[in-house]
2 protein chains.
Amino acid sequence: MPETTPDRRTELLAAAIRLFSDRGYEATSVREIADALAIQAGSLYAHIETKEDLLWQILTESADRFFAAIQPIVDSKLLTLERIRLAIAAHVKVITDSTAAAAVYLREWRHLSEPRKSEFAGRRDAYERIFRDLIRDAIHEGTFGDFDEKFATLMVLSSVNWIYQWYRPDGPMTPDEIARRITDLLFHGLKRAGS
Amino acid sequence: MPETTPDRRTELLAAAIRLFSDRGYEATSVREIADALAIQAGSLYAHIETKEDLLWQILTESADRFFAAIQPIVDSKLLTLERIRLAIAAHVKVITDSTAAAAVYLREWRHLSEPRKSEFAGRRDAYERIFRDLIRDAIHEGTFGDFDEKFATLMVLSSVNWIYQWYRPDGPMTPDEIARRITDLLFHGLKRAGS
DNA sequence: CCTACCGATCGGTAGG
DNA sequence: CCTACCGATCGGTAGG
């Protein structure tokens with residue numbers, strides 16, 4: 001992004017996030033993105049090198065946000081269960097802060113070309129690994145039951161990642177409330193206690 | 001689809017499912033679909049009217065499969081909890097029978113134009129409603145705890161719908177095994193019993 | 001099902 | 001950041 005002011009860069013990324021999440025990366029033309037900024041299509045290339053660069057920047061910044069949100073929690077000295085609880089809440093917060101960015105992060109990475117696609121997959125796997133290690137610890141400690149740790153991790157992440165599909169900022173639940181309910185359900189299950 | 005033999009139609013849908021799930025609807029060209037059938041791009045239009053028709057047929061047939069799988073279970077006289085268990089297993093089975101079709105069903109419907117998009121959304125909502133009604137019954141009966149029924153439904157469906165992302169037919173778990181573990185986790189939670 | 005083709009739009013560039 | 005433009009590819013059609 002040669003010679004672009006920070007503000008302009010933010011605007012550009014915000015426009016691309018909104019369009020990529022609404023219509024998908026492939027269905028979004030560079031002309032639509034340019035329109036959103038009220039500039040000509042050709043002028044876009046004063047700010048970016050290719051359309052894919054734009055996707056790449058969105059994805060890497062999203063990945064950064066997820067890592068930054070959970071890292072201090074994971075590194076803390078809290079009990080495993082508490083770290084899981086807080087990591088889920090932090091993850092939920094990143095999604096609810098921008099469901100559009102989360103949608104692009106979770107859905108549009110397939111349109112990266114190599115080697116970026118593999119690099120992205122590596123970072124995503126590393127992130128999942130952090131959750132998996134927490135869950136493994138909880139199982140080994142006996143806090144969690146004797147579940148397959150990979151399977152349990154997939155369940156946790158699928159529950160939290162689905163949020164971008166239905167969360168609305170003007171809905172009845174705050175991000176913390178959502179995290180609390182998800183955690184409660186994941187920890188204790190749907191069945192009435194004692195049944 | 002004028003004058004197309006059943007076999008040819010099946011081939012065509014199968015090719016489109018594979019390509020739409022791999023690259024996405026927008027990123028798939030009619031020429032790629034034609035190539036997969038070893039015919040010319042123009043010849044495709046002896047079988048379809050538009051590219052979107054192809055997507056529409058895939059989506060409606062997928063929806064039909066989901067409904068057909070759970071309807072007899074929901075209509076049965078079994079206990080609510082057992083109906084939920086079996087409905088989850090049936091849903092999982094539809095996904096594992098073709099993760100590619102499930103991927104198109106869950107991801108590509110946004111590329112429909114109106115009024116088809118709204119019609120699709122209506123059917124999908126009706127399907128979710130069936131699960132929600134089952135869960136509501138379980139809550140009212142006291143079999144499940146006093147959860148928000150909408151939220152509980154979202155949790156259940158997000159867990160089962162995420163499967164298409166990671167299930168591999170040559171993996172260690174059978175579809176029934178997956179359903180059993182998901183149900184167990186959803187019903188009883190991750191925490192060790194009694195903790 | 002093929003050949004030959006259509007107008008529209010795509011991502012991107014040169015020169016200012 | 002604009003004007004003017006590029007070759008490539010898009011979904012789709014006519015006529016056989």
Side-chain angles (χ1 to χ4, degrees), chain A residues 1-59 104 108-117, chain B residues 1-59 104 108-117:
Chain A
M1 260 195 189
E3 293 147 70
T4 298
T5 66
D7 276 6
R8 207 59 179 147
R9 189 184 124 89
T10 305
E11 273 184 68
L12 176 47
L13 288 180
I17 286 170
R18 189 174 51 74
L19 286 163
F20 290 169
S21 70
D22 278 359
R23 324 155 88 76
Y25 173 77
E26 293 285 349
T28 302
S29 71
V30 293
R31 277 159 185 82
E32 290 176 290
I33 299 168
D35 281 353
L37 297 171
I39 61 174
Q40 298 302 309
S43 307
L44 211 54
Y45 290 85
H47 302 287
I48 61 171
E49 283 179 17
T50 65
K51 182 188 172 190
E52 194 186 311
D53 277 341
L54 214 37
L55 176 60
W56 178 246
Q57 289 179 44
I58 294 168
L59 294 178
V104 176
E108 305 298 331
W109 57 266
R110 306 178 280 139
H111 298 113
L112 289 172
S113 55
E114 295 292 359
R116 282 171 161 178
K117 180 149 63 173
Chain B
M1 258 194 188
E3 292 148 68
T4 298
T5 65
D7 277 7
R8 205 62 179 143
R9 190 183 122 89
T10 305
E11 273 182 69
L12 176 47
L13 288 180
I17 285 169
R18 189 173 52 73
L19 286 163
F20 290 168
S21 69
D22 278 359
R23 323 155 91 74
Y25 173 76
E26 293 285 350
T28 302
S29 71
V30 294
R31 278 157 184 84
E32 289 175 291
I33 300 168
D35 282 352
L37 298 170
I39 61 176
Q40 297 301 310
S43 308
L44 209 56
Y45 290 85
H47 303 287
I48 62 171
E49 284 178 17
T50 65
K51 182 188 172 190
E52 193 186 311
D53 278 340
L54 214 38
L55 176 60
W56 178 247
Q57 289 178 44
I58 294 168
L59 294 178
V104 176
E108 304 298 330
W109 57 267
R110 307 178 277 140
H111 298 112
L112 289 172
S113 53
E114 295 293 357
R116 281 170 161 178
K117 181 149 64 174

Starting at atom [atom1] of [X], determine the distance to atom [atom2] of [N], rounded to an integer number of angstrom.
X	N	atom1	atom2	answer
Leu55(B)	dG12(D)	CG	C1'	17 Å
Ile39(B)	dG11(D)	CD1	C1'	14 Å
Glu49(A)	dT13(C)	CD	C1'	13 Å
Glu52(A)	dC10(C)	CD	P	18 Å
Leu44(B)	dT3(C)	CG	C1'	16 Å
Arg23(B)	dT9(D)	CZ	C1'	14 Å
Asp35(A)	dC10(C)	CG	C1'	14 Å
Ile33(B)	dC10(D)	CD1	P	11 Å

Donor-acceptor pair between Arg9(A) and Gln57(A) side chains, under 3.5 angstrom: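 The answer is yes; a qualifying pair exists.
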Flag if over 12 foreign heavy atoms under 6.0 Å of CZ, Arg23(B):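 Incorrect, the count does not exceed 12.
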Geometric class of the Phe20(A)/Tyr25(A) ring pair [parallel <30°, tilted 30-60°, perpendicular >60°]: perpendicular
Complement of dG15(D), any strand, by Watson-Crick or G-U distances under 3.5 angstrom: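 With both distances under 3.5 Å, dG15(D) matches dC2(C).
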Mate of dT9(D) where both pairing distances stay under 3.5 Å, Watson-Crick or G-U: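 Partner of dT9(D): dA8(C).
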Presence of Tyr45(B) side-chain N/O under 4.0 Å of dT13(D) phosphate oxygens OP1/OP2: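 No, no such contact exists.
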side-chain N/O Arg8(B) vs dC1(C) OP1/OP2, d < 4.0 Å: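 Yes, within the criterion.
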Residue mapping more 5' on DNA chain C - nearest nucleotide basis, Ala41(B) or Tyr25(A):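 Counting from the 5' end, the first nearest nucleotide belongs to Ala41(B).
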N-O pairing of Glu32(B) and Lys51(B) below 4.0 Å: no
[X] side-chain proximity, nearest of [options]:
X	options	value
Ala46(B)	dG11(D), dC2(D), dC1(C)	dC1(C)
His47(B)	dG11(C), dC1(C), dC1(D)	dC1(C)
Lys51(B)	dC1(D), dC1(C), dG12(D)	dG12(D)

Where Arg8(B) and Ile39(B) come nearest, the two heavy atoms and their spacing: NH2-CG2, 3.5 Å
Residue whose nearest DNA chain D nucleotide is more 5′ - Gln40(A) or Arg31(A): Gln40(A)
